[in-house]
Each structure stands twice: as C-alpha cells, then as structure tokens.
Amino acid sequence: MARACLQCTLLCDDSAAERCSLCGGELAKPFARSLSSSAYIDLDEDSQPGGEPAKPAPQPATKPAQSCPACTVICGASQSRCDTCGSSLLEPPRKRPKTEQEKEPKEPKEPKEPKPKEPKEPKAGISSFFKKARAPSEDPPLPPPAEPPPEANDLATPCESFKPQGCWANAGAVPYRHLAAALDALEATRSRLSKEIILTNAFRVMLAMSAPAGEVEASCYLFAPAKDAQAGGHRLRPDWAEGKPLSLPHKSITAALLEATGSSKADMTRLYHELHDSGEVALALRERGGRQKLLKAPAPLTAGGVRKALLALSELSGSGVERAKTGRLAALLRAAQGTELKWMVRTFLPHMAVGISLEASVLPALGAAVEWQRTGRPRAEKVRSSQDEVRHCYALRPDVQALVTALLEGGFEAMRESCTLQLGVPMQPMLAKACSSIPELQKRIRGALPEKAVTLAAEFKYDGQRAQIHVLRNGDVRIFSRKLDDMTYKYPDVISALKRSFRRQAGCVLDAEIVAVVPKTAEGAESEKVDIAAFQSLATRKRKNVTANNAAVAVKLFLFDLLFLEEPLIGLPFVQRRQKLRENFQALEDVVAFAEVEDLEADCQPEVLEVKRLDSGYEPSTKRSDCWLKLKKDYLESLGDSLDLIPIGGWRGSGRKSRWISPWLVATYDPDEGTLGSVCRVMSGFSDKFYKENTIKYLGREIRKGPEAEKVEEKEEDVEGDKSASEEPVEEDLEEEVLEPESSGLLLKRPAPGVDTAEQPPFWFQPTEVWEIRGADITISPKHMAAKGLVDPKKGLSLRFPRFMRKREDKGLHQATTPTQLAELFRKQGQHR
DNA sequence: GTTGTATAGTACC
DNA sequence: GTCTGACCCATTCGG
DNA sequence: CCGAATGGGTCAGACGGTACTATACAAC
C-alpha cells in the first residue's frame with residue numbers, strides 16, 4: 001500500500017520503507033485521513049476500494065498535519081516547531097540569523113532555506129488574489145493553528161491528493177491536484193525564495209514520478225496561465241504558434257461556476273461581499289449550493305487533461321461561443337476536487353494573475369528540479385546557473401514543449417542543443433534599459449569595462465512597432481511582434497518590400513521597427529516622398545485581412561539588426577552584424593531604410609535614442625540589457641512635456657491600492673471660460689504614502705468599509721444581470737458616508753462646474769490644487785476633452801504615458817496649464833517630427 | 001434574416 | 001508603455 | 001569584528017492612451 005512522504009508529497013510504494021526514497025522525509029501512514037470528510041467535498045465519492053479512510057491518522061483528526069510556514073516542509077500536528085528549519089508552526093516565523101542557513105540539514109532539501117519573514121502588513125503577497133483576499137481584514141497568523149480552512153492543508157495530506165490508482169499511478173500523469181497543492185502552499189507564504197522552493201519541489205515530484213514531458217509542459221502553462229501582467233489573457237501554448245488565442249471571457253467563467261455548482265446569482269453576490277475572492281467564492285458555492293450529486297464521479301483531473309480541454313475550448317468560435325464555452329467550463333469545474341476548483345477559477349479569470357510568471361519563475365524552477373534530480377543535492381550556485389541556463393534557452397527558443405522535452409529526455413546538454421534560434425520561431429527580442437541622463441548612460445555603458453574605450457552607436461529611436469522578421473529558406477516571411485505574436489498577416493506590404501530589399505536567397509532573421517508614414521507635405525528636392533507619422537496613425541491600421549492594396553496606412557520599415565543569415569549571428573558584435581545587414585539588404589525609397597545611426601565617442605547629447613555598444617552580442621532576453629540603453633527625451637528633467645494639471649476626479653484602486661484613489665483624473669483649466677477639460681487618468685508616480693494622504697484629503701479617510709471593489713469583483717457582480725440589485729455601486733454608499741462631517745468637503749456629488757470629459761469616475765472633486773504631470777507626447781483623444789475645439793471640433797487632447805511628478809504648491813488654479821498652451825505643445829511636437 | 005450599436009477583450013506603445 | 005514596493009544579495013558603514 | 005544600513009537587480013502588480021475585432025443584443 002502506498003504511503004506519501006510528508007515532506008515532498010512523493011508516494012512511496014514500498015510499504016516496508018521507513019523514509020521517503022526521494023527526500024528521506026517521514027512517511028505518512030497508509031491512506032491516513034487527517035481531515036474530517038467534510039473538508040473534501042467530492043473526494044469520498046470517488047474513493048477507490050483501496051483507499052479506505054483508515055482510522056490511523058498521523059495526527060488527531062482535529063489537528064491535521066501542518067505545513068511549515070517558513071520552509072513548507074510538512075510537520076506533524078503535535079509539533080510546535082518545524083524540525084527542518086526550526087520555525088514555529090503556531091506563530092508566524094521569526095527572522096533567524098543568516099548563518100543558520102548553512103547548517104547541515106538532516107534531510108536533503110533546497111539548497112537554501114527560505115529566510116522566514118517577519119510577518120508584515122499583508123502587502124506584497126505572492127499573488128494579487130491573495131492580497132485581495134486578505135487586504136480588507138486583519139491578517140491572521142499563518143498557518144492557523146486550529147481549524148484551518150480545509151484547503152490550507154492540502155499539501156499536508158498528500159496521501160489523499162495522490163492516490164496511486166487515481167492519478168500518479170496513471171502512467172505518470174500529473175494530477176491537477178498536485179498543482180493545486182503547490183499553489184495552496186504558495187498562498188501560505190510570501191517570500192520569493194519560498195516560491196522558488198515550492199515550484200522546484202513540485203517539479204521534483206513530477207520528475208520522481210516520471211511524469212511524461214507533455215504533462216510537465218502542461219503543468220508549466222497551468223502554473224502561470226497569464227500571458228502578461230498588463231493584458232491578462234491566457235497562454236497555453238507559445239504566443240507565436242498557430243491557432244486562436246485562448247479567450248476565456250469573464251462572463252463564461254462566472255456563468256460556468258453557477259452552472260457547475262447549481263447556485264444562484266444572489267448567492268454569488270453575497271459571497272463576494274463576504275469573501276472578496278473569486279476562488280474562495282467558488283469553494284463556498286460548491287459547499288453550500290453544490291450538493292449536486294453526479295451520477296458518476298468525474299475522473300481526477302490531470303494537468304495534461306485540463307490543458308487539452310482548455311485548448312479545445314479555444315478553438316470554438318462564431319455565434320453562441322460564450323454559451324458553448326460556459327458549458328465546457330462548467331464540466332471542468334464540476335470535475336474539480338478540493339482546492340482545484342479555487343485555482344481553476346483564479347487562474348482562468350482574466351487579470352487574476354497568480355503571481356508567477358512562466359519565464360521568470362516556473363521554467364527556472366523546472367531547471368532547478370532537473371539539477372536536483374541529476375546531482376541529488378546541488379550547490380546553490382549550480383542551481384542558479386541551471387536556472388539561468390533554462391531562462392536563456394527559453395529566450396532563444398520560447399517553446400515550452402521543445403524545452404521540456406529536451407530537458408527531460410536529455411538533460412541540460414540536450415536542452416542547449418535543441419534550444420537555439422530557429423527560423424520561423426521568434427526569440428525574445430533584446431531590450432534596452434531606460435536611462436534618464438547622460439551621466440547615467442555613461443556610467444552604465446562603461447560599468448563593465450571601465451578603462452576600455454567603448455564605441456557606441458546612437459540610433460534614432462523610431463516610434464512604431466517592433467518587428468522580428470524571419471525569412472525562411474523557402475522564401476516565406478514571418479513577422480513577429482515584441483511580445484512574440486505572429487503579425488505576418490498585418491503587414492503584407494512590408495513583406496513584399498523586404499523581399500525586394502534582400503539581395504540574396506537565404507534564411508535570415510532581422511530586427512526592425514515598422515513606422516507609419518504619410519506623403520510629404522512640403523515638396524522638396526529629396527528623393528523620399530514620405531514623412532514619418534505619429535504612432536497614433538500606425539495604430540489605426542487594420543489588424544486582420546490586410547492586403548497590400550487595402551493597407552490604408554502606409555508603412556516604412558527601418559532595419560537595425562541582423563540576427564541570422566544562414567547561421568546564427570547573435571554571438572557577433574553589433575558592428576559586424578550591422579555591416580552584414582547593410583551588405584545584404586538595400587534601402588528602398590519610401591519603404592525600407594536602415595535605422596539612422598551615428599557612432600559616437602560616448603559623450604554627445606542627441607535627442608531621442610537607442611544607444612548600443614558596438615562590441616556587444618545580441619542578448620535575447622525578457623530582462624533589459626546594459627548594452628542597449630534608451631534615452632528618451634521625456635526621461636530627462638529638462639525636456640519632455642510637463643503639464644500642470646488639476647485633479648478633478650478619481651476611481652477606487654484595486655488589489656494593493658484598494659484603499660486608495662487610483663487612478664486620478666486630471667484636467668486643464670481655462671480661466672477665461674472657467675472650464676476644466678480632462679487630460680488623462682494618472683496612476684503612476686505616486687508613492688503609497690501619497691495615496692494614503694491624498695485619499696484622506698479628498699475623501700475624508702481611506703477606503704476600507706464595505707466590500708472591497710476589486711475590478712474582477714465588480715465584473716462578477718455585473719454578470720449577476722440582476723440590474724436593480726447590482727446597480728448599487730459600492731461607491732455610492734461610500735460617497736454618502738464620506739459626505740458626512742468627517743469629509744473634507746472636497747468630494748462632490750457631480751462634476752465640478754465647467755468640467756468637460758467623457759469619463760465618469762465614481763468620485764468627483766472640488767478643483768483646488770495643481771499637480772505636475774509628465775508624459776511622452778500629446779495625442780488626440782476621443783474621451784479627454786482638454787483643448788476641445790482648438791485642434792479638433794469634437795475631440796480633445798490627452799497625454800501618452802502620464803505620470804505624476806510632484807505637487808505644485810506654488811501654483812494656484814490660475815497657473816495651471818491652459819487649453820491653449822496644451823494645443824500649442826501639441827502643434828509643436830507635430831512640427832518636430 | 002439583416003443591419004447597426006454597445007461592449008469586452010486584446011493588441012500596440 | 002510608466003511607475004512603486006517587496007524581496008534578495010552583496011558591499012559598505014559604524015559602533 | 002559583526003550587525004545594520006545601503007544600493008542595485010529582479011519580480012510582480014497596479015494601471016496610462018488609442019484603436020481594432022469579435023461577439024451579444026436591439027432594431028429594422
């Protein structure tokens with residue numbers, strides 16, 4: 001009969017074994033149950049005959065095994081201290097002297113123990129939902145000593161999680177439960193190191209269980225399904241791969257949850273107000289309403305199975321997709337057991353990142369796990385270098401499947417061999433680090449080699465769209481965006497121009513910028529007939545079904561690097577790559593050019609640039625290199641558009657900022673007309689202290705009462721459909737409340753007189769002060785009405801990349817930027833181009 | 001059934 | 001794109 | 001000499017503007 005290791009969750013089949021064969025940890029009693037059956041809602045029903053819930057639990061039923069908050073090792077319930085790291089299990093861990101880390105642990109474990117943290121305000125969590133879940137209320141000590149929520153202990157009851165007949169024994173498929181357990185553990189900890197350890201452990205178990213590559217691949221994706229922090233979205237295969245992107249609309253998920261649990265919308269709404277967390281709500285819904293008996297217990301979910309189901313979902317399209325998706329999602333959610341449900345809901349919800357990124361955390365953890373498997377107990381540096389190697393290989397060939405397969409089957413060597421730049425597969429583009437001053441630029445670029453003379457290339461920085469262009473050996477061309485999406489279809493005109501520009505027939509990879517152009521206005525003697533246009537005009541270009549004929553916005557290609565020409569060139573210094581680029585391509589009037597460049601001796605003062613070391617290789621990476629630096633005019637104190645604007649409204653922040661106003665709506669002021677035209681929302685550049693102080697200033701106090709209106713939550717509520725009930729925005733009661741005496745008197749019921757904007761923030765403020773806001777450039781705006789009528793009869797002006805600089809205590813409303821001044825700045829930047 | 005509009009989801013910067 | 005804050009790690013500073 | 005302070009790097013998250021596209025829904 002199998003027994004699970006209490007430390008690493010590995011199942012050991014040898015019933016005579018005393019310790020875990022993987023980590024030497026203590027083994028649980030066979031199929032011991034340490035949680036009351038109510039903790040697991042569905043598990044009983046799918047119990048196999050073999051898995052009888054025998055009495056002999058390692059701990060009394062009321063006091064389950066506990067996971068050490070510091071190092072995640074599972075400890076017995078009766079223990080008060082973790083026997084691995086010595087942290088208290090009852091109270092939040094204390095800080096220990098660093099030297100203790102080096103002491104010889106009695107069991108193999110991670111190279112470095114996590115340094116237990118002094119529990120602080122629940123600020124930086126491992127995940128946003130975690131923070132959201134906790135932020136409103138007081139933070140209870142972790143882990144709760146008694147009566148912990150059932151899901152908090154999944155890791156502590158691996159024997160339940162990993163039944164041999166059910167999951168792990170099934171050809172090594174990774175049970176989704178395993179991922180959920182790791183995520184549970186992540187939720188209970190907040191240090192980065194712990195995150196690393198937990199993920200590494202999770203993969204170590206997979207490796208020990210001989211999980212097939214496909215399962216490990218699926219696990220990687222499911223750990224970090226968010227495509228990127230800004231856009232939400234999901235990723236279950238490479239960005240550049242064929243196939244529709246997976247879209248799981250919020251609506252479908254909530255609807256599916258209701259369907260799966262047989263609950264009512266009212267229940268859901270109520271629970272949100274109580275729990276403030278979609279995942280917890282899902283669990284609660286299932287528990288309350290969800291006594292839906294299934295005719296047949298669903299099979300345990302596996303990582304591969306879940307991914308496959310989601311991929312199938314993504315292929316649906318056409319009218320009625322949402323309903324179809326809802327149905328399929330409901331089936332998945334129904335099959336989820338224990339905390340699997342919580343994690344499904346959380347990870348699939350858009351904008352609910354789980355605090356783990358694929359390239360920064362998941363894959364490096366896999367690398368570390370392989371290193372563990374290889375050497376038994378690797379040194380810390382070795383683990384680091386394995387992680388870096390994985391990162392590098394992935395940057396070169398961002399293909400999880402290829403990487404995992406090679407790594408699992410042939411180790412690091414195979415991975416190195418397999419993960420090289422491939423024609424047709426975009427690599428991570430090299431990124432430049434932002435620099436705010438010339439001295440800083442010089443310091444950085446010289447940093448590595450202080451005494452050696454470094455020659456730099458200063459390239460004009462084009463404001464368009466980054467493009468990595470692959471010319472395949474058969475002549476086909478593919479174009480990829482900076483985020484590795486295939487956008488070949490969007491630029492047929494670029495493709496034909498490039499083909500004419502390429503002097504030979506070979507496979508190659510180029511780095512370039514695509515820029516919109518407009519016919520030259522002034523007739524000149526030059527041969528070129530086009531001028532570079534603003535980014536905004538590039539954005540209006542169609543994205544689908546573009547043909548060379550209907551491409552309304554003309555475009556010009558600026559080539560700046562050559563990364564492959566019959567063979568990879570990324571190891572060559574930039575000078576040589578650039579030379580090859582110029583030898584093999586020719587500029588074509590109006591359509592193809594080389595990035596304008598000037599080689600300098602490290603101290604000139606140009607205006608907008610990308611500065612590159614001529615001696616550097618190409619470093620594909622998600623992190624920014626010191627060899628390429630970007631110097632934008634708006635980074636410089638003396639340049640760029642700096643506006644003095646007046647805060648006139650605001651929204652309630654979400655997540656970390658849910659107690660404060662964020663973003664703020666700011667406006668210009670026209671003293672003659674008395675009008676306030678909105679310019680933009682600002683959320684960047686404020687410190688937490690500023691938020692706190694100014695939320696109090698404008699609202700009377702911080703926002704804390706009532707349900708924390710998270711973005712997601714609001715959406716969920718909208719889905720309730722029930723207009724009349726959910727119509728009542730949280731802000732409203734708050735508003736009334738704040739209007740009481742304690743209020744500052746700056747809060748208004750409606751926009752201040754003279755305000756002109758298409759925005760509808762929940763809070764309107766009395767205009768009283770002036771803030772300095774900096775931005776990159778000024779755009780014509782459909783929703784911000786500042787300077788309306790001066791540039792466009794209906795549209796106003798807005799600011800790109802706005803950020804707060806400082807309060808202008810020295811200025812009154814009458815010294816704020818006026819619409820006329822703003823329009824002037826707009827025209828000036830137009831000429832400048 | 002076709003058409004137009006509103007909205008959510010994404011993409012780029 | 002922009003930004004801040006938390007965390008980690010290495011180095012320097014101060015008692 | 002050792003612990004505390006400091007600084008740089010990385011990671012995650014909280015959001016900016018604009019505009020296209022697919023879908024749902026209402027109106028014809």
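Small disclaimer: the values here were computed from a predicted structure and weren't measured.
For the OP1/OP2 pair of D:dC11 and a distance below 4.0 Å, the side-chain nitrogens and oxygens of A:Lys195 include no atom meeting the criterion. A:Ser781 has a side-chain polar atom (N or O) that falls below the 4.0 Å cut-off from OP1 or OP2 of D:dT18. In this structure, A:Lys623 does not reach the D:dC11 phosphate: none of its side-chain N or O atoms is under 4.0 Å from OP1 or OP2. For the OP1/OP2 pair of D:dA14 and a distance below 4.0 Å, the side-chain nitrogens and oxygens of A:Arg656 include no atom meeting the criterion. OP1 or OP2 of B:dC13 has not a single side-chain nitrogen or oxygen of A:Gln536 nearer than 4.0 Å. A close approach under 4.0 Å does occur between a side-chain nitrogen or oxygen of A:Ser654 and OP1 or OP2 of D:dC15. Between A:Ser357 and D:dA12 there is a side-chain polar atom (N or O) within less than 4.0 angstrom of OP1 or OP2. For A:Ser481 and B:dC12, the shortest distance from a side-chain N or O to OP1 or OP2 is below 4.0 Å. In this model, the phosphate group of D:dA24 is not approached by any side-chain N or O of A:Lys325 to a distance below 4.0 Å at OP1 or OP2. The shortest distance between the side-chain N/O atoms of A:Arg391 and the OP1/OP2 oxygens of D:dC11 is below 4.0 Å. Side-chain N/O atoms of A:Ser191 include one lying less than 4.0 angstrom from OP1 or OP2 on C:dC8. Contact between the side-chain N/O atoms of A:Thr540 and the OP1/OP2 oxygens of B:dC12 is not found at any separation under 4.0 Å.
Picking from D:dA12, D:dG17, B:dC12 the nucleotide with the shortest atom distance to the side chain of A:Gln465 gives B:dC12. Of the candidates D:dG17, B:dC12, C:dG5, the closest approach to any side-chain atom of A:Lys483 belongs to B:dC12. Comparing C:dT2, C:dC9, D:dT18 by their closest approach to the side chain of A:Ser798 singles out D:dT18. The side chain of A:Arg681 lies closest to D:dG17, out of D:dG17, C:dT2, D:dA12. Ranking C:dC7, C:dG1, B:dA11 by closeness to the A:Asp485 side chain, first place goes to B:dA11. Nearest to the side-chain atoms of A:Arg803 among the listed nucleotides C:dC3, D:dC11, C:dT4 stands C:dC3. Which of B:dC13, D:dC11, D:dG17 sits closest to the side chain of A:Phe801 comes down to B:dC13. Here the side chain of A:Asp626 is nearest to one of D:dA12, D:dG9, D:dG16, namely D:dG9. Each of D:dA12, B:dC13, D:dC15 was ranked by its minimum atom distance to the side chain of A:Arg482; first place goes to B:dC13.
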Check nucleotides 21-23 of chain D for protein N or O atoms closer than 3.5 Å to its own N or O atoms and list the pairs.
residue: D:dT21; atom: OP1; partner: A:Arg543; partner atom: N; Å: 2.8
residue: D:dT21; atom: OP1; partner: A:Lys544; partner atom: N; Å: 2.8
residue: D:dT23; atom: OP1; partner: A:Gly318; partner atom: N; Å: 3.2

List every contact pair, protein side and nucleotides 1-7 of chain B side both N or O, where the distance is under 3.5 Å.
none

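A:Gln428 and A:Lys483 share no donor-acceptor pair across their side chains, judged by distance under 3.5 Å alone. Defined by atom type and a distance below 3.5 Å, a donor-acceptor pair is present between the side-chain atoms of A:Lys657 and A:Tyr691.
Atom NZ of A:Lys542 is surrounded by 12 or fewer heavy atoms from other residues, nucleotides or ligands within 6.0 Å. Heavy-atom contacts from other residues, nucleotides or ligands closer than 6.0 Å to CD of A:Glu381 number more than 12. In this structure, A:Lys692 places its NZ atom where only 12 or fewer heavy-atom neighbours from other residues, nucleotides or ligands lie under 6.0 Å away.
Using a 4.0 Å heavy-atom distance criterion, A:Phe686 is classed as a sugar-phosphate-only contact. A:Ile780 comes within 4.0 angstrom of sugar-phosphate atoms only, judged by non-hydrogen atoms across all strands, and of no base.
Comparing A:Lys657 and A:Pro782 by the nucleotide of DNA chain D that holds the closest heavy atom to each, the one mapping nearer the 5' end is A:Lys657. Residue A:Arg800 is the one, among A:Arg800 and A:Lys795, whose nearest nucleotide of DNA chain D lies closer to the 5' end (criterion: closest heavy atom).
At whole-Å resolution of the value, CD in A:Glu440 and C1' in D:dG9 are 13 Å apart. If you take CG of A:Leu358 and P of D:dC11, they are 13 Å apart, rounded to a whole angstrom. With rounding to whole Å, A:Arg192 atom CZ is found 12 Å from C:dG5 atom C1'. Taking atom CZ on A:Arg466 and atom P on B:dC13, their separation rounds to 9 Å, with Å as the unit. Counting to the nearest Å, the P atom of D:dC11 and the CD atom of A:Glu359 are 10 Å from each other. Nucleotide D:dC11 holds its C1' atom 13 Å from the CZ atom of A:Arg384, rounded to whole Å. Taking atom CH2 of residue A:Trp651 and atom C1' of nucleotide D:dA14, one finds them 15 Å apart after rounding to whole Å. Look at CZ on A:Phe690: it is 21 Å from P on C:dT2, rounded to the nearest Å.
A salt bridge links A:Lys783 to A:Glu759: one of the charged nitrogens lies within less than 4.0 Å of a carboxylate oxygen. Between A:Glu187 and A:Arg346 there is a salt bridge, since a side-chain N of the basic residue sits under 4.0 Å from a carboxylate O of the acidic one.
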side-chain contact (heavy atoms from CB on, under 4.5 Å) assessment of A:Trp628 paired with A:Lys433: CA-CA 6 Å; A:Trp628 284 16; A:Lys433 201 172 278 181; over 6 Å; no

Any chance you could lay out the ring-ring contact (aromatic ring centres under 6.0 Å, His included) test for A:Phe223 and A:Trp343, step after step, and finish with the verdict? CA-CA 10 Å; A:Phe223 268 136; A:Trp343 291 107; 9.6 Å; no

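The line from CG of A:Leu316 to CZ of A:Arg328 is 4.5 Å long, rounded to the nearest 0.5 Å.
Checked against the 6.0 Å centroid threshold, A:Phe558 and A:Phe460 do not count as a close aromatic pair.
Relative to the ring axis of A:Trp651, A:Arg681 places its NZ or CZ within 45° and under 6.0 Å from the centre.
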